[in-house]
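Please read the structure below before turning to the comments.
Residues take their numbers from the sequence shown, with the count starting at 1. Values below: all heavy atoms of this structure, side chains included; hydrogens, waters and symmetry mates excluded.
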Amino acid sequence: MSLNFLDEPGKPGNLEVTDWDKNFVDLKWIPPKEDGGSPITGYLIEVKDKSGTWEKALTVPADKTTATVPNLVEGESYVFQVKAINAAGPGEASNPTNTIVTKPRNMAPHIDRTNLNDIKTTPKHTQH
């Protein structure tokens with residue numbers, strides 16, 4: 001007969017910032033390799049600002065490996081990390097992101113695409 005002891009999950013991997021603007025940051029990550037012997041029930045996203053203290057930003061369900069952290073202050077510097085949660089509690093934190101300064105992204109790629117579409121519809125630019 002074996003005894004199963006629950007452990008906290010391992011650390012999520014590949015945490016990265018996928019988008020940002022003046023008041024939010026989008027994050028994505030991959031689930032940890034080890035769940036600690038209990039299914040992962042969610043993820044805790046933590047944020048650290050210039051105060052230097054990690055604080056809870058939000059939690060997301062276990063089936064999500066992306067999150068948008070809202071209500072950030074424009075022009076502030078932030079660092080993010082994520083922890084998987086199971087029945088034993090939150091596990092080891094992911095590696096933190098690089099520092100992100102919340103500011104408008106005026107040169108986002110989706111703005112450029114509309115201009116490219118206009119050029120494609122102009123016959124004189126067509127190549128044979």
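- In terms of modelled atom types and a separation under 3.5 Å, the side chain of Thr102 and the main chain of Val73 share a donor-acceptor contact.
- Heavy atoms of other residues, nucleotides or ligands lying less than 6.0 angstrom from CG of Asp63 number more than 12.
- By the side-chain hydrogen bond (donor to acceptor under 3.5 Å, both in side chains) test, Thr18 pairs with no residue at all, sequence neighbours left out.
- Contact check for Val47 versus Trp54: no side-chain heavy atoms found under the 4.5 Å cut-off.
- Salt bridge absent: Lys103 and Glu74 never bring a charged side-chain N and a carboxylate O closer than 4.0 Å.
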Return a table of donor-acceptor pairs under 3.5 angstrom between the side chains of residues 20-45 and protein atoms on other chains or two or more places apart.
unit_1 : atom_1 : unit_2 : atom_2 : d
Asp26  : OD1    : Thr68  : OG1    : 2.6
Asp35  : OD1    : Gly37  : N      : 2.8
Thr41  : OG1    : Ile85  : O      : 3.2

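- Glu55 has no carboxylate O lying under 4.0 Å from a charged side-chain N of Lys48, or vice versa, which leaves the two without a salt bridge.
- Proximity of a side-chain donor or acceptor of Thr97 to a complementary backbone N or O of Val17 within less than 3.5 Å is not detected.
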task: Report the C-alpha separation of Phe80 and Val69 in whole Å, then their side-chain angles, then the decisive distance to 0.1 Å, and conclude whether the side chain to side chain contact (heavy atoms under 4.5 Å, CB included) test is met.
output: CA-CA 9 Å; Phe80 301 90; Val69 181; 3.9 Å; yes

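- When the side chains of ILVMFWY residues are joined at heavy-atom separations under 4.5 Å, either directly or via intervening members, Val79 and Ile100 end up in two distinct hydrophobic clusters.
- Remark: Lys11 engages Asn95 in a side-chain hydrogen bond (donor to acceptor under 3.5 Å, both in side chains) (not counting sequence neighbours).
- Going from atom OG of Ser94 over to atom CD of Glu16 covers 11.5 Å, rounded to the nearest 0.5 Å.
- Considering OG1 of Thr66 and CG of Asp19, their distance stands at 12.0 Å, rounded to 0.5 Å.
- Heavy atoms only, all atoms of each residue included: Gln81 and Glu46 are closest at NE2-OE1, 2.6 Å.
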